[in-house]
Structure formats: C-alpha cells, structure tokens
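Written out below as structure tokens is the structure these notes cover.
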Amino acid sequence: MVSTAVCPGSFDPITYGHLDIIKRGAKVFDEVYVCVLHNSSKKPLFSVEERCELIREVTKDIPNVTVESYDGLLINYAKNKKANSILRGLRAVSDFEYEMQGTSMNRVLDETIETFFMMTNNQYSFLSSSIVKEVAKYEGNISELVPEAVEHALKEKFK
C-alpha cells in the first residue's frame with residue numbers, strides 16, 4: 001500500500017520551517033501533497049497561485065512532492081487524493097491546541113485518515129509567515145528564514 005500524506009497550510013509565504021516539515025515528510029511517506037488551502041479568515045499577501053508557484057520552485061528537487069490548492073474541507077481533499085494521512089508541523093504547545101481542534105473535527109468527518117504531527121527543527125521553532133512578512137516589509141534580512149526565491153518575491157511585493 002502506498003502511503004500518501006497531505007501537508008496543508010496557507011504558506012503565505014513558505015518558510016524554511018514549512019520546508020523542513022515537507023522534506024522530512026517526503027522521507028516518511030511515498031507521496032506528499034502540499035495543499036495550499038484558501039483561508040477566508042486570513043488576508044494573504046500572495047495569491048494562491050503565487051504561493052503554489054513558490055512552493056513548486058522550492059520543492060522541485062523532491063520527486064514525491066506535488067503542490068496543489070484547494071478551496072474546501074481538508075478532509076475532502078485528502079479523500080480525493082486517496083491520502084491515508086495528514087501531516088502537520090508543530091512549533092510549540094500553542095500550535096498543538098489549535099491543531100488538536102482541527103484533528104478532532106477531521107476524525108469526526110473521516111476516522112480512516114490519520115493525522116501525524118512532526119516537530120519542526122528547533123532552529124525554526126519561532127518562525128512564522130507573519131514574522132517573515134513583517135521583517136521583509138521593513139527591509140530586514142530574511143535570507144536565513146526563507147528560500148532565495150521567496151526572499152525575492154517578498155522584496156518585489158514590498159517595493
């Protein structure tokens with residue numbers, strides 16, 4: 001049986017913390033779908049298409065990673081992809097509380113799809129897309145926080 005995981009998020013933009021989870025997930029699962037979800041409660045800097053393209057660029061060397069977007073329930077996307085797992089990154093205890101709610105709801109919707117939590121590398125435990133955008137907006141150095149393609153895209157957005 002092929003192990004297929006969905007790694008969802010808004011990725012606005014993708015950071016080295018996200019990339020760490022995706023790369024490590026690609027070593028554990030046969031297939032990883034990185035799913036850029038439309039989140040109506042957030043006001044993104046990058047369009048869904050731009051986010052997908054940036055993720056494709058920085059994951060192009062990982063053969064078992066596919067990048068797509070979805071507007072709907074994560075569990076429905078996972079079912080459409082015949083995924084048996086959802087992969088989520090955790091930075092801190094505060095992430096766990098939020099993730100526990102989503103995971104519990106997903107179990108109600110489909111108990112056959114398991115959620116796996118992966119702790120991010122300690123060097124990225126403070127990192128969030130919001131922090132990256134804030135630093136980039138004021139022309140701070142983000143070269144150690146995001147891949148080069150993302151750094152360039154952020155500089156263009158904030159010109």
Side-chain angles (χ1 to χ4, degrees), residues 2-46 48 50-79 81 83-107 109-110 113-136 142-151 153-154:
V2 175
S3 63
T4 302
V6 173
C7 184
S10 53
F11 304 104
D12 185 41
I14 188 168
T15 68
Y16 278 136
H18 295 126
L19 199 51
D20 174 55
I21 298 298
I22 293 166
K23 285 180 176 179
R24 290 168 48 215
K27 291 178 184 175
V28 174
F29 297 98
D30 297 319
E31 294 178 288
V32 175
Y33 286 92
V34 177
C35 182
V36 178
L37 294 170
H38 300 261
N39 187 337
S40 59
S41 67
K42 293 184 178 182
K43 295 197 189 300
L45 177 64
F46 292 96
V48 169
E50 289 171 320
R51 287 180 269 159
C52 285
E53 190 52 43
L54 284 170
I55 299 167
R56 284 186 193 104
E57 174 64 26
V58 301
T59 62
K60 66 184 175 193
D61 296 330
I62 312 170
N64 59 332
V65 168
T66 302
V67 180
E68 297 181 338
S69 65
Y70 189 71
D71 188 11
L73 291 175
L74 170 61
I75 206 73
N76 291 340
Y77 177 82
K79 284 194 251 190
K81 295 299 170 185
N84 47 0
S85 304
I86 294 170
L87 175 62
R88 299 292 293 169
L90 293 177
R91 294 170 296 186
V93 173
S94 56
D95 284 349
F96 179 77
E97 290 181 24
Y98 171 81
E99 294 296 342
M100 188 177 72
Q101 288 179 328
T103 298
S104 297
M105 189 68 240
N106 287 337
R107 296 269 313 150
L109 296 171
D110 189 331
I113 299 174
E114 293 292 342
T115 299
F116 290 86
F117 296 109
M118 188 176 283
M119 294 302 300
T120 193
N121 187 312
N122 284 342
Q123 75 187 83
Y124 307 125
S125 62
F126 70 95
L127 193 52
S128 71
S129 295
S130 299
I131 288 174
V132 167
K133 287 185 285 193
E134 187 72 13
V135 173
I142 56 170
S143 62
E144 293 184 25
L145 309 177
V146 296
E148 189 175 343
V150 176
E151 182 179 7
L154 281 162

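Numbering of residues begins at 1 and proceeds along the displayed sequence. All values below were derived from every heavy atom in this structure, side-chain atoms included, with hydrogens, water molecules and symmetry-related copies excluded. In this text the structure is predicted, and so the values were computed from the model without any measurement.
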Does the pair Glu31 and Thr66 meet the rule for a side-chain contact (heavy atoms from CB on, under 4.5 Å), with working shown? CA-CA 8 Å; Glu31 294 178 288; Thr66 302; over 6 Å; no
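At distances below 3.5 Å, not a single donor-acceptor pair connects side-chain atoms of Asn84 with backbone N or O atoms of Ser3. Of the possible polar contacts, none joining the Arg91 side chain to the Thr120 backbone as a donor-acceptor pair under 3.5 Å is found. Ser128 contributes a side-chain N or O that, together with a main-chain N or O of Ile131, makes up a donor-acceptor pair within less than 3.5 Å. Between the side chain of Thr103 and the backbone N or O of Met100 there is no donor-acceptor pair closer than 3.5 Å.
Between Ser143 atom OG and Tyr16 atom OH the span is 8.0 Å, to the nearest 0.5 Å. With values rounded to the nearest 0.5 angstrom, Thr4 atom OG1 is found 12.5 Å from Ile86 atom CD1. Here the straight-line distance linking atom CD1 of Ile75 with atom CE of Met105 works out to 9.5 Å at 0.5 Å rounding. Atom CG of Leu127 sits about 10.0 Å away from atom CG of Asp20, to the nearest 0.5 Å. Ser129 contributes atom OG, which lies 9.0 Å from atom CG of Leu154 (distance to the nearest 0.5 angstrom). One distance of note links CZ of Arg56 with CD1 of Ile62; it measures 14.0 Å at 0.5 Å rounding.
In terms of heavy-atom proximity, Leu54 sits nearest to Ala149 at CD2-O, 3.8 Å. Contact between Asp110 and Lys79 at its shortest, heavy atoms only, is OD2-CD, 3.3 Å. A pairwise comparison of heavy atoms in Thr59 and Val67 identifies OG1-CG2, 3.9 Å as the closest pair. Scanning both residues, Cys7 and Val32, for their nearest heavy atoms gives CB-CG1, 4.1 Å. Nearest heavy atom pair, residue Val36 against residue Cys52, reads CG2-SG, 3.7 Å. Closest non-hydrogen pair, Arg24 versus Asn121, comes out as NH1-N, 3.8 Å.
The closest side-chain heavy-atom distance from Ile14 to Val146 is not below 4.5 Å. Between Arg51 and Ser10, the closest side-chain pair of non-hydrogen atoms falls below 4.5 Å. The closest side-chain heavy-atom distance from Phe117 to Met119 is not below 4.5 Å. Annotation: side chain of Thr15 is not in contact with side chain of Tyr124 (no heavy-atom distance under 4.5 Å). Contact of the Val28 side chain with the Phe116 side chain is not registered, since no non-hydrogen atoms from C-beta on lie closer than 4.5 Å. In this structure the side chain of Ile113 never reaches within 4.5 angstrom of the side chain of Asn106, judged on heavy atoms. Residues Val58 and Ile22 are not in side-chain contact: their nearest non-hydrogen atoms beyond the backbone lie 4.5 Å or more apart. Residues Asp30 and Asn64 form no side-chain contact, since every pair of their non-hydrogen atoms from C-beta on lies 4.5 Å or further apart.
Atom NZ of Lys133 is surrounded by more than 12 heavy atoms from other residues, nucleotides or ligands within 6.0 Å.
Ring geometry for Tyr70 versus Tyr77: interplanar angle of 30 to 60°, hence tilted.
Of the charged side-chain nitrogens involved, at least one lies within less than 4.0 Å of a carboxylate oxygen, so that Lys81 and Glu68 count as a salt-bridged pair. Salt-bridge check for Asp95 with Arg88: failed, with every basic side-chain N at 4.0 Å or more from each acidic carboxylate O.
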